[in-house]
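The block underneath contains the structure these notes are about, expressed in structure tokens.
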There are 2 protein chains.
Amino acid sequence: MRLSNLADYAVVTMCQAARHCGGGKVSATELAHESGLPAPTVQKVVSKLTSAGLLRSSRGAGGGLQLARPAAAISLADIVEAVEGPIALTACVEGEDCAVHEKCSVKPHWPIVNSALRGALADIPLTRLAQIPQVKEVA
Amino acid sequence: MRLSNLADYAVVTMCQAARHCGGGKVSATELAHESGLPAPTVQKVVSKLTSAGLLRSSRGAGGGLQLARPAAAISLADIVEAVEGPIALTACVEGEDCAVHEKCSVKPHWPIVNSALRGALADIPLTRLAQIPQVKEVA
DNA sequence: GTGAAATCGGAACGAATCAGTCCGATTAGA
DNA sequence: TCTAATCGGACTGATTCGTTCCGATTTCAC
């Protein structure tokens, strides 16, 4: 019931990347430095995000990363799915390989819960996440 | 992003227990037999559910289990929390021990997602889950 | 009152997944 | 052509999850 750390890091990394999107390419090392996360971990996250098609990577000297799509077209659900795979609370939702699937009265209700969760994640675009909300620390 | 197997088993077990609620006490072994789950696993699940106050156990010969509350007063969120602990997608939601909490622009958005998920789980009472929906298999 | 049976409760073991780290392959630039 | 910097994938260690087993407790029957 808890999001993996990698997924959490991926969200933070994507926010940083979104801020640099207008400024061209950014290296994974720089993103790690800005976010305060371990550089190798960021590299792993970046690798998954690139494979999922959310980031576009340019290799070689002077290379770097940039968003593959506009920030408005990337939702929180996309990022989570890129790292954790399809959003499915139970195995019933995507695969039907359940030992008690025939006598299971709970099965029909899982898609409802699953859709609610996915909807909540899809409702938040990257643009909103990347907004720096002029934080006012209340001491 | 996936529910643990234990939580899934807990939901199924609670459904079985709800059906036997009117008929008195049921042993964990019997629940395991009916649901087709391994008996030791059901015992572990029952143990957690009892500790959480969802089930009431009677020891000794002729003992068994019964719902501690009416089925209508038990929600899917209660069962999940009993097994998996508090529903918190990230550590930010309950504890503030995050390495980048001060510069994290994502943090304010997690409670929204978390509430949506918890609301979806809390909306489904055990009574609805226990209904046997006269399944009509479409071949 | 005693014995026996049946039950739950907690503890221990093994497996799988996840987080973190490192090195190699590739590519652009000089 | 060479160098340098980058991403990509593979490996190791650790944590958590799932499963199983055994002991403590309680009730019923005699």
Side-chain angles (χ1 to χ4, degrees), chain A residues 1-13 17 20 24-33 35-68 80 82-85 88-91 98-99, chain B residues 1-13 17 20 24-33 35-68 80 82-85 88-91 98-99:
Chain A
M1 204 70 268
R2 180 162 297 188
L3 214 57
S4 69
N5 292 0
L6 269 298
D8 199 352
Y9 298 161
V11 176
V12 176
T13 302
H20 285 279
K25 303 173 183 177
V26 190
S27 67
T29 304
E30 190 173 357
L31 287 176
H33 185 66
S35 59
L37 300 172
T41 299
V42 173
Q43 278 193 355
K44 188 179 183 65
V45 168
V46 163
S47 177
K48 288 201 173 189
L49 290 171
T50 304
S51 300
L54 294 179
L55 287 178
R56 186 168 297 277
S57 67
S58 302
R59 304 179 70 159
L65 301 161
Q66 56 184 12
L67 296 182
V80 172
V83 177
E84 303 231 330
L89 287 175
T90 60
C98 181
Chain B
M1 204 68 271
R2 180 161 297 188
L3 213 58
S4 69
N5 293 0
L6 269 299
D8 199 350
Y9 297 161
V11 176
V12 177
T13 302
H20 285 280
K25 302 173 182 176
V26 190
S27 68
T29 304
E30 190 174 357
L31 286 175
H33 185 66
S35 60
L37 301 172
T41 301
V42 173
Q43 277 193 355
K44 187 179 183 63
V45 168
V46 163
S47 177
K48 288 203 174 188
L49 291 171
T50 304
S51 300
L54 295 179
L55 287 178
R56 186 169 297 276
S57 67
S58 302
R59 305 180 69 160
L65 301 161
Q66 55 184 13
L67 297 181
V80 172
V83 177
E84 303 229 331
L89 286 175
T90 61
C98 182

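Each chain gets a letter, A, B and so on, in the order the sequences are listed, and its residues count up from 1. Since the model is a prediction, treat every value here as computed from it, not as a measurement.
The side chain of B:Ala61 lies closest to C:dA5, out of D:dC22, C:dA5, D:dT20. Ranking D:dC7, D:dT19, D:dT25 by closeness to the B:Tyr9 side chain, first place goes to D:dT19. Considering only side-chain atoms of B:Pro40, the nucleotide from C:dC8, D:dT20, D:dG18 that sits closest is D:dT20.
The CG-C1' distance, from A:Asn5 to C:dT21, rounds to 16 Å in whole Å. Taking atom CD of B:Glu30 as the reference point, atom P of C:dA6 lies 14 Å away to the nearest angstrom. We find that NZ of B:Lys48 is positioned 13 Å from P of D:dT16, with the value rounded to whole Å. Taking atom NZ of A:Lys44 as the reference point, atom P of D:dG8 lies 13 Å away to the nearest angstrom. Separating the CG atom of B:Leu3 from the P atom of D:dC17 is a distance of 12 Å, rounded to the nearest angstrom. The distance from atom CE of A:Met1 to atom P of D:dC17 is 13 Å, rounded to the nearest whole Å. One interatomic measurement links the two molecules: CD of A:Gln43 to C1' of D:dG9, which rounds to 11 Å at whole-angstrom precision. Put simply, CG on A:Leu37 is 13 Å from C1' on C:dA19, counting in whole angstrom units.
The nearest heavy atom of DNA chain D to A:Ser51 and to A:Gly63 marks one nucleotide each, and the one closer to the 5' end goes with A:Gly63.
Using modelled atom types, no side-chain atom of A:Glu84 and backbone atom of A:Leu3 make a donor-acceptor pair closer than 3.5 Å. When atom types are taken as modelled, the side chain of A:Gln66 and the backbone of A:Leu55 share no donor-acceptor pair closer than 3.5 angstrom. Between the A:Arg2 side chain and the B:Leu89 main chain, no donor and acceptor come within less than 3.5 Å of each other. Checking side-chain atoms of A:Ser47 against main-chain N and O of A:Gln43 turns up no donor-acceptor pair under 3.5 Å.
Interatomic distance, NZ of A:Lys44 versus CG of A:Leu37, reported as 15.0 Å (0.5 Å rounding).
A donor and an acceptor atom never sit less than 3.5 Å apart when one is taken from the side chain of B:Arg59 and the other from the base of C:dA6.
For the OP1/OP2 pair of C:dG10 and a distance below 4.0 Å, the side-chain nitrogens and oxygens of B:Ser47 include at least one atom meeting the criterion. An OP1 or OP2 oxygen of D:dG8 is reached within less than 4.0 angstrom by a side-chain nitrogen or oxygen of A:Ser57. Under 4.0 angstrom from either OP1 or OP2 of C:dG9 there lies at least one side-chain N or O belonging to B:Thr50.
In this structure, A:Ser4 reaches the sugar-phosphate backbone alone: every heavy-atom distance under 4.0 Å involves primed, P, OP1 or OP2 atoms, never a base. Residue B:Thr41 is in base contact, counting any heavy-atom pair closer than 4.0 Å across all strands shown.
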